Every structure is written in C-alpha cells, then in structure tokens.
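Note sheet for the following structure.
Numbers here simply count residues along the sequence, with the first being 1. Small disclaimer: the values here were computed from a predicted structure and weren't measured.
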Amino acid sequence: MNRPLAVRCGAFGDMVLLTALIRVLNARFGAPVDIVTSSPWSEPLLRGQPGVGEIWSVRSHKAPYWLSAVQRRVVRALRARGAGPTWYCDGSDAARPLLERAGIAPPFIVDVKDHPLLSGEHATEQWRRLAQITPAAIDAPGRDADAADLAAVTPGCYLAVSDRQRADLEAWLRARNLAAAPLILVQIGNKRTMRRGLRRLAVNHKYWPNERWAEVLRHVRRQNPDHSIVLLGTGPEYALNEEVALLANVTRLYNAADDLPIPRLVALLARGAGLITVDSGPAHAAAAVGCPMVVLFGKALPSLYRPWGTAQADVKVLRGEVAGAPDMLGIEAGSVIAAWSGLKMRAV
C-alpha cells in the first residue's frame with residue numbers, strides 16, 4: 001500500500017496545525033506522510049519534520065491546468081506514486097482536480113468537508129479525528145496500529161528543531177550580540193496586515209494600535225530588565241516594527257524582521273523565554289516548540305484556533321469587543337500587561 005497523502009493549501013499557521021494530523025497518520029501507517037500544498041511556508045517549515053515524507057508545492061493550484069507546468073509536474077509525480085490513502089484537508093475544492101488527474105479516485109479520499117467541525121472542537125482535535133478515519137478503498141492501515149499507538153501521539157502541534165537550525169540560530173544571535181541574554185519575542189504584524197498596506201492597518205481585524213504596543217514594550221522592559229526584546233516578522237513588517245520601536249523608545253530592542261527565514265524563526269521561538277503576539281502563524285509555531293505566550297485574538301475563535309502545542313506551555317488568550325462584536329481593538333494595553341505579568345515564562 002502507498003504511504004498516506006495529505007492535501008492542505010493553507011497559510012503558515014494552517015500548516016503548523018496540520019502536524020496534528022501528520023503525526024497520527026504516521027503512527028497509524030508506520031510510514032511518512034506525503035504532502036501536497038500551495039503554501040510557500042510548507043517546504044522550509046515541514047521538510048525534515050518527524051513523519052513528513054515528500055512535499056509537493058503547487059503555488060498556482062487555482063490557475064488553468066494547461067497553463068501551469070507546476071501542476072502538471074505534481075500530477076505526474078502523484079500518478080507515478082499511485083493511488084493510496086489520501087486526506088483532503090481543504091474547505092475549497094480547488095485542488096481536487098489534481099487528485100482526479102493523478103488517478104486518485106474518491107474512495108481513496110477522506111475529505112474534511114464530509115466530517116465537519118464538532119461543537120467546541122479545536123482545529124488540532126479535528127485533524128486528529130480525521131486522521132483516524134480510513135478511506136473506503138483501504139481495508140486497514142499498513143501496520144497494526146491499535147489504540148495504544150494512537151494514544152501515544154500527544155494531542156496538539158509539534159515541530160522539531162534540528163541541530164543545524166540551532167547552530168544557525170546561535171551564529172545569528174552572536175552576530176547580533178544577542179547570544180548572552182534571555183530573549184522575549186514580540187510579533188506585531190501578520191500576513192493580513194501587510195497585505196493591506198500600512199495606511200490601511202486600522203481596517204484589518206488583526207491590527208492593534210502602535211501606541212498600545214509601545215506601552216506594552218515599555219512595561220516589558222521595566223519588568224524584565226535582564227532580557228533582550230526581539231521584534232519578529234517578515235521583510236514587509238520591518239517598517240512597522242521600526243515605527244513601534246521608535247514610539248517605545250526602550251533599550252535592547254531589536255528588529256529582526258529583515259532576517260528571519262522560517263527555520264531560524266522556529267529555532268528562535270524554541271529558545272525564547274516568552275512571546276507576545278497577535279493571532280498568527282508564528283503563534284502556532286511557538287506553541288509547537290513549547291514557547292509560553294500572550295496572544296491577542298480579533299474575530300477568529302480562540303476555541304478553534306488557540307495555539308496548542310504538545311508541550312502544553314502556558315498560553316494566555318485575550319479577546320476584546322467593540323460595539324458588542326469580537327474585535328482586537330477592544331483589548332487594552334493594561335490587559336496585555338496583566339496577562340504578561342502572570343505568564344509562566346520559560347527558564348532559558
């Protein structure tokens with residue numbers, strides 16, 4: 001029998017959450033899980049992770065098939081691989097034609113749309129449940145996976161950090177004079193914020209005002225005088241971090257958004273004493289490596305997307321309201337400061 005295949009065309013955080021499914025499938029079948037995705041984050045995030053096999057990235061999965069050499073290449077690889085147990089983890093059917101062209105018929109597929117979210121269920125619990133469903137065309141898993149095998153797979157997300165990642169991080173920290181002090185990490189921006197552009201931050205439901213971030217940073221500096229503070233992000237978030245840093249005007253505050261490829265970011269999260277963040281992909285990655293955090297939610301449901309890692313690090317979730325509706329702008333700086341003051345930070 002072919003090893004399991006998972007299809008998930010999600011963002012950074014979505015792919016971290018998918019590790020909950022990958023780890024159960026790996027335990028059930030005793031084989032790595034191959035992945036089809038459209039996320040540019042997936043390759044650097046998941047390559048080499050426990051239970052992960054081949055990764056095929058289709059950036060243009062919504063483009064016409066005859067115009068996409070990448071789609072045709074992935075279909076050829078899947079066809080050569082042969083039909084086998086497949087988990088389709090997208091709410092959209094955009095990637096289904098790839099499976100059809102590759103000869104993977106519906107009886108081989110467990111589709112998440114056929115197994116909707118249960119009341120109060122967390123995203124990782126849904127993936128864990130989905131991974132235990134067997135496609136109709138498959139008689140049994142490829143190994144004798146019993147309840148004890150699956151119970152040994154701790155619920156939640158998990159990311160391993162390799163020796164290579166740790167060595168790269170230590171060299172990077174030394175070059176920035178950050179190797180000696182414990183680190184507090186802060187994620188101000190997010191993909192949605194940067195997509196809309198800085199002038200439209202206020203219409204983004206994950207926007208939190210720069211002045212409030214500055215107030216929080218001043219408190220963190222007073223409360224944690226021995227720590228260095230590192231602002232996270234991708235290249236487009238560098239300017240936003242600079243604006244907040246100028247407002248905060250505190251010492252030993254470092255803007256790292258210009259030099260954080262995914263493997264280094266994950267290693268940094270694994271080393272950090274704690275994180276303050278909006279609901280974001282890095283928040284899920286932090287949970288997956290055991291970093292305690294305070295996380296600010298906007299319209300997303302914490303019951304569904306609260307960062308949940310296997311290490312069960314302390315996570316303080318904040319969610320505000322404006323005019324009776326969930327809104328990150330309803331979270332005051334004082335609430336974040338109080339949550340941070342009560343966080344069980346990691347000793348590093």
Side-chain angles (χ1 to χ4, degrees), residues 12 16 41 44-45 159-190 194 210 213-278 280-296 307 309 311 313-316 336-337 339-341 343-348:
F12 180 23
V16 177
W41 309 105
L45 177 71
L159 291 171
V161 179
S162 68
D163 291 341
R164 182 176 180 177
Q165 284 175 269
R166 295 184 193 279
D168 167 78
L169 176 66
E170 290 306 316
W172 182 82
L173 291 173
R174 287 195 299 271
R176 292 187 174 230
N177 296 316
L178 289 170
L183 305 174
I184 292 171
L185 312 175
V186 181
Q187 176 73 40
I188 293 171
N190 65 90
M194 304 322 299
N210 290 4
W213 279 115
E215 184 179 345
V216 169
L217 289 172
R218 287 191 288 269
H219 172 82
V220 169
R221 171 46 63 231
R222 290 192 299 269
Q223 182 176 317
N224 307 100
D226 298 329
H227 291 65
S228 293
I229 304 172
V230 181
L231 303 182
L232 310 179
T234 60
E237 294 166 64
Y238 186 88
L240 174 61
N241 285 353
E242 287 292 287
E243 291 180 11
V244 173
L246 185 63
L247 281 173
N249 190 28
V250 299
T251 60
R252 292 166 48 221
L253 176 65
Y254 303 89
N255 185 0
D258 60 334
D259 197 20
L260 276 184
I262 295 302
R264 183 178 298 153
L265 170 64
V266 173
L268 182 59
L269 292 167
R271 194 182 190 280
L275 169 70
I276 304 174
T277 178
V278 294
S280 62
H284 293 293
V289 295
C291 183
M293 78 187 81
V294 174
V295 56
L296 286 65
D314 193 17
V315 175
K316 307 289 187 187
V336 178
I337 289 169
W340 177 258
S341 298
L343 189 74
K344 298 175 184 175
M345 286 207 300
R346 181 163 48 186
V348 293

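The two residues Leu343 and Met293 have their closest heavy-atom pair at CD1-O, 3.4 Å. For the residue pair Leu169 and Arg271, the shortest heavy atom distance occurs at CD2-CD, 3.8 Å. Residues Gly233 and Gln187 approach most closely at N-OE1, 3.7 Å, considering heavy atoms. Listed here is the closest heavy atom pair of Trp340 and Asn224: NE1-OD1, 3.1 Å. Closest of all the heavy-atom pairs between Val186 and Leu275 is N-CD1, 4.0 Å. The minimum heavy-atom distance linking Val244 with Ala214 is given by the pair CG1-N, 4.1 Å.
Looking only at side-chain heavy atoms (C-beta outward), Phe12 and Asn190 stay at 4.5 Å or farther from each other. Taking the side chain as every heavy atom from C-beta outward, Asp259 and Arg264 approach each other to under 4.5 Å.
Atom CG of Leu173 is separated from atom CG of Leu178 by 5.5 Å, given to the nearest 0.5 angstrom. How far CD of Glu242 is from CG of Leu247: 11.5 Å, rounded to the nearest 0.5 Å. The distance from the CD atom of Gln165 to the CG atom of Leu265 is 10.0 Å, given to the nearest 0.5 Å. Atoms CG and CG, on Leu268 and Leu183 in that order, are 6.5 Å from each other to the nearest 0.5 Å. Going from atom CG of Leu240 over to atom CG of Asn210 covers 5.5 Å, rounded to the nearest 0.5 Å. Going from atom CZ of Arg218 over to atom CG of Leu253 covers 11.5 Å, rounded to the nearest 0.5 Å.
Judged by distance alone, with hydrogens and angles left aside, the side-chain atoms of Arg166 form no donor-acceptor pair with the main-chain N or O of Ala267 at under 3.5 Å. At least one donor-acceptor pair closer than 3.5 Å links the side chain of Arg346 to the backbone N or O of Gly290. Within the 3.5 Å criterion, the main-chain N or O of Ala167 finds no donor-acceptor partner in the side chain of Glu170. Under a 3.5 Å cut-off, the side chain of Glu237 and the backbone N or O of Thr234 do form a donor-acceptor pair.
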Quiz item: Could you go step by step and tell me if Ile184 and Val230 meet the side-chain contact (heavy atoms from CB on, under 4.5 Å) rule?
Solution: CA-CA 6 Å; Ile184 292 171; Val230 181; over 6 Å; no

Item to complete: Give the intermediate values and the outcome of salt bridge (Lys or Arg N to Asp or Glu O under 4.0 Å) for residues Arg176 and Asp258.
Response: CA-CA 13 Å; Arg176 292 187 174 230; Asp258 60 334; 3.3 Å; yes

Q. Does the side-chain contact (heavy atoms from CB on, under 4.5 Å) test come out yes or no for Thr277 and Val294, once each step is laid out?
A. CA-CA 6 Å; Thr277 178; Val294 174; over 6 Å; no

Exercise for review: May I have the step-by-step check of side-chain contact (heavy atoms from CB on, under 4.5 Å) for Ile337 and Glu215, ending in yes or no?
Suggested key: CA-CA 9 Å; Ile337 289 169; Glu215 184 179 345; 4.3 Å; yes

Checklist entry - Does the side-chain contact (heavy atoms from CB on, under 4.5 Å) test come out yes or no for Leu231 and Tyr254, once each step is laid out? => result CA-CA 6 Å; Leu231 303 182; Tyr254 303 89; over 6 Å; no

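For the side-chain contact (heavy atoms from CB on, under 4.5 Å) with Ile276, the qualifying choice from Ile188, Val295, Ile229, Val336 is Val336, the only one to do so.
With respect to the salt-bridge test (charged N to carboxylate O, under 4.0 angstrom), the residues Asp168 and Arg174 do not qualify. Here Asp314 pairs with Lys316 in a salt bridge; the nearest charged N to carboxylate O distance falls below 4.0 Å.
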